[in-house]
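Everything numeric here is computed off the predicted structure, so don't read it as measured data. Naming: A, B, ... by sequence-line order, numbering from 1 per chain.
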Amino acid sequence: DGGITQSPKYLFRKEGQNVTLSCEQNLNHDAMYWYRQDPGQGLRLIYYSQIVNDFQKGDIAEGYSVSREKKESFPLTVTSAQKNPTAFYLCASSILRQDTLTGELFFGEGSRLTVL
Amino acid sequence: AQSVTQLDSQVPVFEEAPVELRCNYSSSVSVYLFWYVQYPNQGLQLLLKYLSGSTLVKGINGFEAEFNKSQTSFHLRKPSVHISDTAEYFCAVRFTSGTYKYIFGTGTRLKVLA
């Protein structure tokens, strides 16, 4: 079955450590996204990428970094510069072809990061 | 600036009663509209979407929504809810051209009571 796989599901980190969240998709989607979810704040966009080797900052990119070396993969690194990294992180993907126009985002199951 | 507003953070409703979850958006350009559902500690699943055409959109699990361009609204409705509908619901928009950013509302927590 096609889908988006995020790992790990749960992750604990000590302050000052970098951590990388994995996101892999086999949907052949062009675009991939990372969102952060906090209670009462909805989903906020961290980074997105429309094509391999290119990505754009979202609304809350500070303290995060990404790479897009392969179409299927879009890992997110939460660096020690992120002041409040405890959150639920969601990866998503979508088709960009104009003739398809399905439009929606497909989401992974999320990764919950807790800083101790 | 474009934004999505879900005025109700929580909506309690009794089982088998109807429910409406409200969504209003602000945008100077055309948008696509979506409703997603999220169960605890899971990702989001698409309930329904409006891309073009008929303004009444039917989705999964008996949900429907109506696009009202003049009121810039996209309210979600279900005529009779079940306990299993207890979840968080998110409204989202995406611009029809240009950037492929999606903007989400802050979510509405639907609690269905027995």
Discussion item. Just checking B/Leu56: does its CG atom have more than 12 heavy atoms from other residues, nucleotides or ligands closer to it than 6.0 angstrom?
Written reply: yes

Worksheet item: Are B/Val57 and B/Val4 in one and the same hydrophobic cluster, where Ile, Leu, Val, Met, Phe, Trp and Tyr link if side-chain heavy atoms are under 4.5 Å apart?
Response: yes

Worksheet entry | Same apolar cluster (I L V M F W Y, side chains within < 4.5 Å links), A/Met32/A/Ile60 | yes

Discussion item. Can you tell me if B/Lys111 has over 12 outside heavy atoms packed within less than 6.0 Å of its NZ?
Written reply: no

Item to complete: Any chance you could measure B/Ile103, atom CD1, to A/Arg44, atom CZ, to the nearest 0.5 Å?
Response: 14.5 Å

Practice prompt. Check whether A/Tyr10 gets within reach of chain B through its side chain, its backbone, both or neither, counting any heavy atom under 4.5 Å.
Written response: side chain

Response to the item:
Correct closest heavy-atom pair for B/Phe90 and A/Gln37 would be CZ-NE2, 3.3 Å

Discussion item. Does atom CZ (B/Arg109) have a neighbourhood of more than 12 heavy atoms from anything else shown, all under 6.0 Å?
Written reply: no

Fill in: Path from A/Tyr89 to A/Leu116 over hydrophobic side-chain contacts below 4.5 Å
no

Worksheet item: Side chain, backbone, both or neither: which part of A/Leu45 has a heavy atom under 4.5 Å from chain B?
Response: side chain

Worksheet entry | Same apolar cluster: A/Trp34 and A/Val52, side chain cutoff 4.5 Å | no

Worksheet item: Taking all non-hydrogen atoms of both residues, which atom of B/Asn41 and which atom of A/Arg112 are closest, and how far apart?
Response: OD1-NH2, 2.9 Å

Worksheet item: For B/Gln38 and A/Leu90, which heavy atoms make the closest approach, and how far apart are they?
Response: NE2-CD1, 4.1 Å

Worksheet entry | Which atoms of A/Gln41 approach chain B - backbone, side chain, both or neither, heavy atom under 4.5 Å | backbone

Discussion item. For the CD atom of A/Glu104 and the CG atom of B/Leu51, what is their distance to the nearest 0.5 Å?
Written reply: 7.5 Å

Item to complete: Carefully, step by step, assess B/Tyr36 and A/Leu43 under the rule side-chain contact (heavy atoms from CB on, under 4.5 Å).
Response: CA-CA 12 Å; B/Tyr36 288 87; A/Leu43 277 69; over 6 Å; no

Worksheet item: Contact part of B/Leu46 toward chain A, heavy-atom cut-off under 4.5 Å: side chain, backbone, both or neither?
Response: side chain

Practice prompt. Output yes when a side-chain donor or acceptor of A/Tyr33 lies under 3.5 Å from a complementary backbone atom of B/Tyr102, and no otherwise.
Written response: no

Worksheet item: Any chain of hydrophobic side-chain contacts (each under 4.5 Å) joining B/Val11 to B/Val81?
Response: yes

